[in-house]
Amino acid sequence: MSDVSRPSSAGVRTAAVIPAAGRGVRLGPGAPKALRTLNGTPMLIHAVRALAASRAVSLVVVVAPPDGAAEVKSLLDAHALPERTDFLVVPGGESRQESVKLGIDALPPGYDIVLVHDAARPLVPVDTVDAVIEAVRAGAPAVVPALPLADTVKEVEPAPTPGEPEPVLATPERARLRAVQTPQGFDRETLVRAHETVTDNVTDDASMVEQLGLRVVVVPGHEEAFKVTRPLDLVLAEAVLARRRLNDGF
């Protein structure tokens, strides 16, 4: 692993924070979700490589399980990663929000743009990463990649017992809805302020910026940036990797 204290290069610098402290309950018992393997390589390594594939990303901070920082550091050391990118491993917290904040707190000075990326989205294409960075560079305080919805969505009254029928309350206009992905990109000062100000348990960092009353913009996401959450997602991810090997020759 290279030293994160090397001198700053010219221009705006971008760092990525990858929270990987979750247990991945929906994938069943076994290793933490980020350490499950795809094509023999842990998902976390795929995610780190995906972010480091962008020439704009010069530092990747991996937020490990609270008691697993040494294991994750050894994992990164054991896999080939781009030499032009610096890597840092820090222990995480009990929640995703706390882990992201610990990752942000570990960033050295000199990084103006911060990406936050789910380790469970191991196959995000580099073009999506670059599109998010470019939108932040163009002046947006917060940027999220997202896809239009293929399905009609219903707002319901949740049943007290899972599996019971649920009354429909409304049908939102699908054309106005997007399924949000990562990496989400931020002006560093904005992201720091959001984590210092918003204490609600939120599902993504962009919603924290929304609560500050600041503008969040959407750029096109990619179908391969899906989140690996359930066993069927592992099958789909393996299929995507197989297709890439066929097309790219590796």
Side-chain angles (χ1 to χ4, degrees), residues 1-6 8-9 11-22 34 42-64 69 72-73 75-77 79-93 96-137 140-145 180-192 194-195 204-206 208-209 219 221-222 224-225 227-228:
M1 258 186 258
S2 50
D3 178 8
V4 298
S5 62
R6 70 186 182 188
S8 171
S9 58
V12 176
R13 303 183 75 199
T14 300
V17 174
I18 302 182
M43 273 203 293
L44 175 60
I45 297 298
H46 285 288
V48 168
R49 286 174 174 165
L51 273 291
S54 171
R55 300 195 66 84
V57 175
S58 52
L59 170 64
V60 176
V61 178
V62 178
V63 187
V72 170
K73 186 178 185 302
L75 193 69
L76 294 185
D77 287 337
H79 289 81
L81 299 172
E83 292 186 2
R84 59 181 166 77
T85 309
D86 293 325
F87 300 93
L88 185 64
V89 178
V90 298
R96 181 188 185 279
Q97 190 171 348
E98 184 182 349
S99 292
V100 172
K101 186 176 189 306
L102 288 167
I104 298 167
D105 291 344
L107 293 175
Y111 291 92
D112 302 299
I113 296 175
V114 180
L115 305 180
V116 180
H117 182 60
D118 294 332
R121 297 183 189 272
L123 304 180
V124 59
V126 67
D127 288 350
T128 303
V129 179
D130 287 338
V132 170
I133 295 169
E134 286 304 315
V136 180
R137 282 179 173 169
V143 179
V144 296
V180 172
Q181 302 176 325
T182 70
Q184 299 185 353
F186 304 89
D187 166 76
R188 178 176 180 167
E189 290 185 6
T190 299
L191 184 60
V192 168
H195 274 270
D204 74 340
D205 298 272
M208 300 173 71
V209 175
V219 297
H222 196 282
E224 292 181 3
K227 192 171 187 178
V228 178

Pair up each side-chain donor or acceptor in residues 125-133 with any protein partner under 3.5 Å, not counting sequence neighbours, and list the distances.
{"from": "Asp130", "atom 1": "OD1", "to": "Ser54", "atom 2": "OG", "distance (Å)": "2.6"}

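Two residues are said to be in side-chain contact when any heavy atoms from C-beta on lie closer than 4.5 Å; Asp205 and His195 meet this criterion. Using a 4.5 Å cut-off on side-chain heavy atoms (C-beta onward), Val89 and Phe87 make no contact. Residues Val62 and Leu75 form no side-chain contact, since every pair of their non-hydrogen atoms from C-beta on lies 4.5 Å or further apart. Under the 4.5 Å side-chain criterion, counting only non-hydrogen atoms from C-beta, Val60 is not in contact with Asp86. Residues Leu102 and Pro91 have side chains not in contact (no heavy-atom distance under 4.5 Å, counting atoms from C-beta outward). In this structure the side chain of His117 reaches within 4.5 angstrom of the side chain of Val124, judged on heavy atoms. Residues Val144 and Gln184 are in side-chain contact: their nearest non-hydrogen atoms beyond the backbone lie under 4.5 Å apart.
The two atoms that bring His222 and Gln181 nearest to each other are O-NE2, 2.8 Å, heavy atoms only. The two atoms that bring Val57 and Ala16 nearest to each other are CG1-CB, 4.2 Å, heavy atoms only. For Ala64 against Ala69, the heavy-atom pair with the smallest separation is CB-CA, 3.6 Å. Contact between Phe186 and Val116 at its shortest, heavy atoms only, is CE1-CG2, 4.1 Å. When all heavy atoms are compared, the tightest approach of Leu59 to Pro108 is CD2-CD, 3.5 Å. In plain terms, the two heavy atoms of Gly221 and Pro145 that are nearest each other are CA-CB, 3.9 Å.
Atom CG of Leu107 is separated from atom CG of Asp112 by 11.0 Å, given to the nearest 0.5 angstrom. Between Leu115 atom CG and Thr182 atom OG1 the span is 9.5 Å, to the nearest 0.5 Å. One finds the CG atom of Leu51 at 14.0 Å from the NE2 atom of His46 (value rounded to the nearest 0.5 Å). With rounding to the nearest 0.5 Å, the separation of CG in Asp187 from CD1 in Ile113 is 8.0 Å.
Remark: side-chain polar atoms of Thr85 are not paired, donor with acceptor, to backbone N or O of Ser58 under 3.5 angstrom. For Asp118 (side chain) and Arg121 (main-chain N/O), no donor-acceptor pair under 3.5 Å exists by modelled atom type. Side chain of Arg49 to backbone of Ala80: a donor-acceptor contact under 3.5 angstrom is found. Side chain of Arg13 to main chain of Gly110: no donor-acceptor pair is present (N/O by atom type, distance under 3.5 Å, no hydrogens or angles). Between the side chain of Arg96 and the backbone N or O of Asp204 there is no donor-acceptor pair closer than 3.5 Å.
Under the 4.0 Å criterion applied to side-chain N and carboxylate O atoms, Arg137 and Glu134 are assigned as salt-bridge partners.
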